Number of protein chains: 2
Amino acid sequence: MIEASTDGRIQRGDATRRAILRRAVDIASVEGLDGLSIGRLATDLQVSKSGVFAHFGAKQELQLATIRAARAIVDDHVVRPALEVAPGLDRLRTLLDRWLRYSQDRVFPGGCFFFAAQAEFDARPGPVRDAITESGSQWTRLVESCVREAAQLGELAADTDPAQLCFELTAFLDAANLFSLLHDDPLAYERARVAIRARLRFPTPG
Amino acid sequence: MIEASTDGRIQRGDATRRAILRRAVDIASVEGLDGLSIGRLATDLQVSKSGVFAHFGAKQELQLATIRAARAIVDDHVVRPALEVAPGLDRLRTLLDRWLRYSQDRVFPGGCFFFAAQAEFDARPGPVRDAITESGSQWTRLVESCVREAAQLGELAADTDPAQLCFELTAFLDAANLFSLLHDDPLAYERARVAIRARLRFPTPG
DNA sequence: AAGTTGTACGAACGATCGTACTATTACTTT
DNA sequence: AAAGTAATAGTACGATCGTTCGTACAACTT
């Protein structure tokens with residue numbers, strides 16, 4: 001249990017921290033987690049640079065906190081709504097559709113935060129990369145488990161390879177996110193939906 | 001016709017420029033085109049910062065030249081070999097396979113240069129972004145034209161939508177590139193190959 | 001009321017960034 | 001041999017980076 005603090009100082013600090021992180025995730029989704037700078041953050045929020053810095057103690061801590069803040073937002077928009085649907089094909093479809101809407105609605109101005117972060121750190125070592133890959137692994141496991149449940153319920157072909165299908169489905173998501181951003185073309189999301197629909201249609205003879 | 005210069009100064013300058021750009025594409029594939037810095041480049045190559053700078057006159061010109069250099073490398077490894085194969089399914093398969101090998105062989109240490117660059121600039125305006133999106137468009141057109149040729153030759157299902165299939169195929173490529181980098185797992189390339197094979201198999205009844 | 005704690009500020013640090021100017025050196029042209 | 005040109009080096013600039021430090025002030029504890 002986390003008790004709500006009655007200490008006005010801490011409440012004020014938390015509010016500031018939230019404001020910083022809300023701005024941080026938006027900046028990072030566009031400029032990258034490395035492009036995110038403390039001075040820029042301070043200027044945007046009209047506070048002092050040292051004030052921002054004091055909340056995290058180090059640039060890397062700011063980056064890690066930004067990742068955690070982004071995760072909370074994705075959980076709100078994508079994961080939790082899907083988990084409210086009964087396991088099976090419905091949940092899987094909801095999960096994928098929620099992700100596409102989360103990306104398309106530009107919850108982050110730079111599209112999916114984690115796609116940007118993954119692409120930025122995919123070839124660099126360090127704790128920031130580790131935090132990003134861990135988030136990626138959890139997302140993959142979630143999608144794969146939804147596929148597996150749907151298959152076990154007989155809502156997908158019996159010979160379905162969950163890991164393979166998961167790879168293909170998430171490939172469509174990321175491709176739609178990237179293409180729509182690069183070419184400012186929402187048609188990419190329609191392409192992803194078409195591809196997903198075809199891939200999740202139970203193969204009927206004839 | 002471009003005449004080979006006999007001016008030793010210019011030849012030396014060209015050699016230096018090539019060395020700079022070869023290092024630049026490698027750095028940029030890992031750290032990003034923005035992470036690429038003139039000072040870092042000079043230190044790595046053991047030349048003066050102003051010497052590097054003089055070759056380009058501005059950071060942005062260095063970035064644009066780096067993009068052109070990367071294109072030449074991709075053309076060598078992927079595009080040209082595929083265009084040597086007769087149009088149709090063979091050419092399409094060659095193109096996709098060459099791309100997967102180019103990514104997997106880490107021709108650039110950070111995987112596909114253009115995937116990294118696209119993800120970095122997909123939400124930022126400017127000439128660098130424009131150059132990257134243009135390269136992306138040309139790649140898409142190439143893949144799509146190969147699909148279209150294969151379809152017209154009757155090597156793909158008659159109801160094939162070239163743009164849609166192109167979207168799905170390139171989605172598999174990018175996903176393999178990203179996943180293999182993030183999790184240091186070559187299995188991603190196998191998944192992409194499986195997905196591509198299934199997608200390019202002419203649907204036979206039964 | 002006195003003392004403690006937590007937030008935020010302002011100034012300054014060394015490092016690095018991109019860029020601008022001025023040699024210096026090597027080669028070509030006349 | 002002299003003049004000219006191109007590549008590279010050297011130095012310095014203003015800006016920004018992450019970080020440190022001392023301080024002011026508000027809020028809580030005793």
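Just so it is clear: chains get the letters A, B, ... in the order the sequence lines come, proteins before strands, and each one is counted from 1. The structure displayed is predicted, hence computed values, not measured ones.
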Could you tell me whether A/Leu41 contacts a base, only the sugar-phosphate backbone, or nothing, with contacts defined as non-hydrogen atoms closer than 4.0 Å? nothing
Near-ring test A/Tyr189/A/Phe172, centroid separation under 6.0 angstrom: no
Rounded off to whole Å, could you give me the CD-to-P distance for the A/Gln60 and D/dG18 pair? 13 Å
Which one, D/dA6, C/dG10, C/dC17, comes nearest to the side chain of A/Ser48? C/dG10
Looking only at the side chain of B/Lys59 (C-beta and beyond, no hydrogens), which of the listed nucleotides C/dG18, C/dC17, D/dG18 gets closest? C/dG18
Without decimals, in angstroms, what is the distance between A/Asp14 CG and C/dG6 P? 12 Å
Value in whole Å for how far the P atom of C/dG18 lies from CD of B/Glu61: 15 Å
Is it true that, when you exclude B/His183 itself, more than 12 heavy atoms of the residues, nucleotides or ligands shown sit nearer than 6.0 Å to its NE2? yes
Whole Å only: how far is the CD atom of A/Gln11 from the C1' atom of D/dA26? 14 Å
Taking only side-chain nitrogens and oxygens of B/Ser37, does any of them come within less than 4.0 Å of OP1 or OP2 of C/dC17? yes
Separation of D/dG18 atom P from A/Leu33 atom CG, nearest Å, is 12 Å
Just wondering, are more than 12 heavy atoms of other shown residues or ligands nearer than 6.0 Å to CG in A/Asp184? no
OP1 or OP2 of D/dA6 under 4.0 Å from side-chain N/O of B/His55: no
Taking for each residue the nucleotide of DNA chain D bearing the nearest heavy atom, is the 5' side occupied by B/Lys49 or by B/Ile10? B/Ile10
Residue pairs meeting side-chain hydrogen bond (donor to acceptor under 3.5 Å, both in side chains), one or both in residues 114-128 of chain A, sequence neighbours left out, come to A/Asp34-A/Arg124
Mind checking if B/Val52 touches a base, just sugar-phosphate, or nothing, with heavy atoms under 4.0 Å? nothing
Touch check for B/Ala54, heavy atoms < 4.0 angstrom, all strands: base, sugar-phosphate only, or nothing? base
A/Arg80 and A/Glu84 ion-paired at < 4.0 Å: no
Salt bridge check, B/Arg101 against B/Asp97: does any charged N sit closer than 4.0 Å to a carboxylate O? yes
Students often get this wrong, so: under 4.0 angstrom with heavy atoms, is B/Leu62 touching a base, only sugar-phosphate, or nothing? nothing
Can you check each nucleotide of nucleotides 20-30 of chain C against protein heavy atoms at under 4.0 Å and return B for base, S for sugar-phosphate only, - for none, in 5' to 3' order? B-----BBS--
note: B/Leu45, atom CG; D/dT8, atom P; distance rounded to Å ~ 11 Å
Among B/Asp14, B/Ile20, B/Leu62, find the residue that satisfies the side-chain contact (heavy atoms from CB on, under 4.5 Å) test when tested with B/His55. B/Ile20
As a test of understanding, state which of B/Gln104, B/Arg106, B/Arg191 forms a side chain to side chain donor-acceptor pair (under 3.5 Å) with B/Ser180. B/Arg106
CZ of B/Arg71 to CZ of B/Phe114, rounded to nearest 0.5 Å, is 6.0 Å
Nearest of D/dG18, C/dT19, D/dC17 to any side-chain atom of A/Ile38? D/dG18
For B/Phe56 and D/dT8, give me the distance from atom CZ to atom C1', rounded to whole Å. 14 Å
Interatomic distance, A/Gln46 CD vs C/dT7 C1' [rounded to whole Å]: 18 Å
Looking at A/Glu134 and A/Arg141, does any basic side-chain N land under 4.0 Å from a carboxylate oxygen? yes
Near DNA chain C, which residues from residues 15-24 of chain B have a heavy atom under 4.0 Å away? none
